[in-house]
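Not measured: the values here are computed from a predicted model.
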Amino acid sequence: MQEYNRTDEQIHYLSQLIAKVNRSFLEPQDDDSHTNLFFDPLSRRVYGRWVTTPAGPLIFALELDNFQFQWLDSRFRVLQKITVAGKDLEQIEDETMKGLDGVGLASVDLRQPLHFKLPSYSVSGKTQNKPDSAGLAQWQFFRSLANDTAAAVLGHFQVTGEVRIWPHHFDTGISGQVLKSLAIGFGLAMADNLVNEPYFYLAGYGEEPFEYTGLTELDAGTWVTGDSWRGALLPLIEIPENSLSDARDMLHRFVLKSAAWYLEQSR
């Protein structure tokens, strides 16, 4: 997991520029969703959101194969690119700001900090280089698995929602109102103070807090019932990486078993 964690931290760190672009050119939303992101495994890009310009909609993205930021039009043609390797984030921000006029956007200060602070990563403030290929492949595997499973959870419960990456905690996540008395959140989180390794989570939220007694035994993952957070967790280290079907099967069992417990508790 070391390579995965390093890659996760670096992409999180760099993706703050995408969030800043979103913030600068999109209408603010109460839930901050205008700043969030999406990992597209087909093009291997981390996308922001569509920005309206006189020449049509554009989107800003971090492309992982060549490790460069890109402005793309609605046909996904690359209009502008900013290489990452060999530069620090301040240089990348400067180059992005200088290129805004070239894509028909007004000048803005992308160096202004966001309203949250990231942890201090080993890459913070340093010259950037492309992540290790093994770590990058592992990152794409698990983020793709998170996308697919999050979409499956929405479909299973027949609720609408977006599968997005939130720039603050960098979790790929969804939430939905399953019953009048139950909302469920699911996602893939970075290693944090709760678990010192990356993990999938599922948690339910009701009109009243759930009493975590009589818990169903999970055949994948475990329940956490501490003071800071309550729900079910499945660390990535427990998920097989040599078989996508086995990984998906384990994650589906984790979701179904933990979600079934919440459904039983809800009225």
Side-chain angles (χ1 to χ4, degrees), residues 4 8 11-12 29 31-33 35-42 46-47 49 138-192 194-195 197-210 212 215-225 229-241 243-267:
Y4 175 91
D8 214 15
I11 297 175
H12 186 199
Q29 301 297 313
D31 63 356
D32 222 26
S33 58
T35 66
N36 64 25
L37 322 162
F38 178 74
F39 170 60
D40 171 29
L42 297 181
V46 179
Y47 284 113
R49 288 192 177 274
Q138 196 177 33
W139 190 87
Q140 292 179 85
F141 175 85
F142 282 116
R143 290 287 175 162
S144 297
L145 182 61
N147 282 356
D148 293 346
T149 309
V153 171
L154 291 172
H156 174 69
F157 289 114
Q158 288 297 286
V159 295
T160 58
E162 284 188 303
V163 180
R164 302 292 291 186
I165 296 175
W166 295 83
H168 185 186
H169 297 294
F170 210 53
D171 58 320
T172 295
I174 55 99
S175 62
Q177 195 70 36
V178 176
L179 301 170
K180 185 179 179 181
S181 58
L182 174 65
I184 279 182
F186 167 82
L188 166 61
M190 300 180 76
D192 57 21
L194 184 65
V195 186
E197 57 188 327
Y199 58 92
F200 283 96
Y201 63 85
L202 187 142
Y205 306 94
E207 295 170 337
E208 298 291 335
F210 287 100
Y212 282 79
L215 291 166
T216 302
E217 184 176 350
L218 302 177
D219 53 9
T222 187
W223 291 102
V224 173
T225 59
W229 187 87
R230 293 183 172 191
L233 299 182
L234 176 60
L236 262 57
I237 198 168
E238 296 182 15
I239 300 176
E241 295 180 53
S243 168
L244 177 59
S245 61
D246 288 349
R248 186 182 290 123
D249 177 67
M250 176 180 281
L251 193 49
H252 286 184
R253 286 186 283 113
F254 165 75
V255 168
L256 288 171
K257 270 285 186 76
S258 54
W261 182 84
Y262 283 109
L263 289 167
E264 286 296 320
Q265 310 309 307
S266 301
R267 298 288 181 265

Would you say the side chain of L202 lies within less than 4.5 Å of the side chain of L234, judging by non-hydrogen atoms? no
Going through the checks in order, is the side chain to side chain contact (heavy atoms under 4.5 Å, CB included) test met by L233 and L194? CA-CA 10 Å; L233 299 182; L194 184 65; 4.2 Å; yes
Looking at every heavy atom in both D171 and A189, which two are closest together, and how far apart are they? CB-CA, 4.1 Å
Sort and list the pairs that fulfil salt bridge (Lys or Arg N to Asp or Glu O under 4.0 Å) and have at least one residue in residues 149-163, not counting sequence neighbours. R49-E162
When rounded to the nearest 0.5 angstrom, what distance separates OG in S266 from CG in L179? 5.5 Å
Is any side-chain heavy atom of R248 closer than 4.5 Å to one of D148? yes
Taking the six-membered ring for Trp, are Y201 and F186 parallel (under 30°), tilted (30 to 60°) or perpendicular (over 60°)? tilted
Can you tell me how far CG of L218 sits from CG of L256, rounded to the nearest 0.5 angstrom? 11.0 Å
N147 side chain vs F39 backbone, donor-acceptor pair below 3.5 Å: yes
Is any side-chain heavy atom of F200 closer than 4.5 Å to one of L145? yes
Would you find a donor on one side and an acceptor on the other, under 3.5 Å apart, between the side chain of H12 and the backbone of H168? yes
When you compare the side chain of L188 with that of L236, does any pair of heavy atoms fall below 4.5 Å? yes
Reported CZ-to-CD1 distance for the pair F38 and I165, which is rounded to 0.5 angstrom: 8.0 Å
Does the cation-pi check pass for R230 over Y262, that is, NZ or CZ under 6.0 Å from the six-membered ring centre and within 45° of its axis? no
What salt bridge (Lys or Arg N to Asp or Glu O under 4.0 Å) pairs are there with at least one residue in residues 249-262, not counting sequence neighbours? D219-R253, D249-R253
Do P41 and F141 have side chains that approach each other closer than 4.5 Å (heavy atoms only, starting at C-beta)? no
Under 6.0 Å from the CD atom of Q29, do we count more than 12 heavy atoms belonging to anything else shown? yes
Calculate, to the nearest 0.5 Å, the distance between atoms CG and CZ belonging to D40 and R143 respectively. 14.5 Å
Would you say CD1 of I237 has more than 12 non-hydrogen atoms from neighbouring residues, nucleotides or ligands within 6.0 angstrom? no
Under 4.5 Å between any side-chain heavy atoms of T172 and F142, yes or no? no
Looking only at heavy atoms, what is the nearest atom pair of A151 and V163, with distance? N-CG2, 3.9 Å
Grab the two heavy atoms, one from G204 and one from Y212, that are nearest each other, plus how far apart they are. O-OH, 4.1 Å
From OG1 (T149) to NE2 (H156), nearest 0.5 Å: 13.0 Å
What heavy-atom pair brings A259 and F157 nearest, and what distance separates the two atoms? CB-CZ, 3.6 Å
Quick one: are P198 and Y4 in side-chain contact, heavy atoms under 4.5 Å? yes
Can you check whether T216's main-chain N or O pairs, donor with acceptor, with W223's side chain at less than 3.5 Å? yes
Do the side chains of Y199 and E238 get nearer than 4.5 Å, heavy atoms only? no
Could you measure the distance from the CD1 atom of I184 to the CD atom of Q177? Nearest 0.5 Å is fine. 10.0 Å
